[in-house]
Peer 1: 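Before I ask anything, here is the structure I am working with.
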Amino acid sequence: MSLPEIVPRAEWRAAREELLEKEKAVTRALDALRAERRRLPMVPVDREYVFEGGDGKATLLDLFQGRQQLVVHHFVFDPEWETGCRCCSAFLDQIRHLAHLHARRTTFTAVSRAPFTRILPFKARMGWTVPWYSSYPGDFDTDCGVLLEEDGGTAQRPGVSCFLRDGDRVFHTYSAFGRGLEGLGSATSLLDLTALGREEPQGRAHAVGAPVAQEHLRYHDEYDD
């Protein structure tokens, strides 16, 4: 792999300013795309799904933990495997303190097809504390588009799905797969996938060139959940 060209500071600064204009154009395009994503229609979830977690059986509504939004990481973990997918593991390694999501009425959880008895020891080995449920043997993964028919069998792809609840009614608002997960991991990147977005002060969340709003942020141990 070749190294970048070596130039004087003034020449580097001019090249950097030129690149900055392109970066700003991408940022504006992303802001417009996120706004369009928030306007995406949603579909009611009418099927009853049953998951298994640390507290036993749970419904999809239970996975919200009382919050308004739910972000599900479809973690590839086949029922016959002893350990989970390496790519999904690298993704989950990036998920740190969930308080910033919880403060915005959003719950994050991982869901896999492996039985919970296989998930639990692997979760302990990795040191993860995020909620994690088994969807086995239900149809949740198929309905979310992560379990596909392939050459007479089935194959799962990693993904993220977002849900919104209105009282006891649950709606599926968004899903992303494969490369759609690139760049995700931070609280803001996950919130940008949801119907409610970042919920920053009006006019600050998506204004081009606006500084990052900080008045709504807290240290992760200072939020009142």
Peer 1: If you draw the axis of the six-membered ring of Y136, does the NZ or CZ of R113 fall within 45° of it and under 6.0 Å from the ring centre?
Peer 2: no
Peer 1: Is R28 paired with D31 through a side-chain N to carboxylate O contact shorter than 4.0 Å?
Peer 2: no
Peer 1: Between the side chain of R37 and the main-chain N/O of D192, is any donor-acceptor distance below 3.5 Å?
Peer 2: yes
Peer 1: Can you confirm whether E18 is buried at CD, in the sense that more than 12 heavy atoms of other residues, nucleotides or ligands lie under 6.0 Å from that atom?
Peer 2: no
Peer 1: Can you sort out the partners of E5 under side chain to side chain donor-acceptor pair (under 3.5 Å), two or more places apart, ordered by chain and number?
Peer 2: none
Peer 1: Between T109 and L70, is there a side-chain heavy-atom distance shorter than 4.5 Å?
Peer 2: yes
Peer 1: Which pairs with one or both residues in residues 9-35 pass ring pair (Phe, Tyr, Trp, His ring centres under 6.0 Å), sequence neighbours excluded?
Peer 2: none
Peer 1: I need the L164 CG to H172 NE2 distance, nearest 0.5 Å.
Peer 2: 11.5 Å
Peer 1: Taking everything shown except L20 itself, do over 12 heavy atoms lie less than 6.0 Å from its CG?
Peer 2: yes
Peer 1: I want to check something: taking the side chain as every heavy atom from C-beta on, are L63 and V111 in contact at a cut-off of under 4.5 Å?
Peer 2: yes
Peer 1: Which pair of heavy atoms, one from Q68 and one from L196, lies closest together, and at what distance?
Peer 2: OE1-CD1, 3.8 Å
Peer 1: Backbone N or O of G66 within a donor-acceptor pair of the R105 side chain at under 3.5 Å?
Peer 2: no
Peer 1: Please check if the side chain of R169 supplies one atom and the backbone of R165 the other of a donor-acceptor pair under 3.5 Å.
Peer 2: no
Peer 1: What is the ring orientation for F91 with H73, classed by angle as parallel under 30°, tilted 30 to 60°, or perpendicular over 60°?
Peer 2: tilted
Peer 1: side-chain contact (heavy atoms from CB on, under 4.5 Å) for L60 and V45? Distances and angles first, verdict last.
Peer 2: CA-CA 9 Å; L60 183 59; V45 179; 4.0 Å; yes
Peer 1: Verify whether one side chain among H74 and S161 offers a donor that lies under 3.5 Å from an acceptor in the other.
Peer 2: yes
Peer 1: Considering only heavy atoms from C-beta outward, does the side chain of K22 approach that of V26 to under 4.5 Å?
Peer 2: no
Peer 1: Once the angle between the rings of F75 and F77 is folded into 0 to 90°, is it parallel (under 30°), tilted (30 to 60°) or perpendicular (over 60°)?
Peer 2: tilted
Peer 1: Under a 3.5 Å cutoff, is there a donor and acceptor pairing between the side chains of T59 and D62?
Peer 2: yes
Peer 1: Would you call the rings of F140 and F51 parallel, tilted or perpendicular if under 30° counts as parallel and over 60° as perpendicular?
Peer 2: perpendicular
Peer 1: Check the hydrophobic clustering (I, L, V, M, F, W, Y; side-chain heavy atoms under 4.5 Å; chains of links allowed) and say if F116 and F108 are grouped together.
Peer 2: yes
Peer 1: For residues 76-92, which residue pairs qualify under side chain to side chain donor-acceptor pair (under 3.5 Å), counting only residues two or more places apart or in two chains?
Peer 2: E82-R118
Peer 1: Quick check for you: to the nearest 0.5 Å, what is the distance between T154 atom OG1 and L148 atom CG?
Peer 2: 9.0 Å
Peer 1: Is there a salt bridge (charged side-chain N to carboxylate O under 4.0 Å, His left out) between E36 and R39? Walk through the geometry before answering.
Peer 2: CA-CA 5 Å; E36 186 174 351; R39 295 191 298 268; 5.2 Å; no
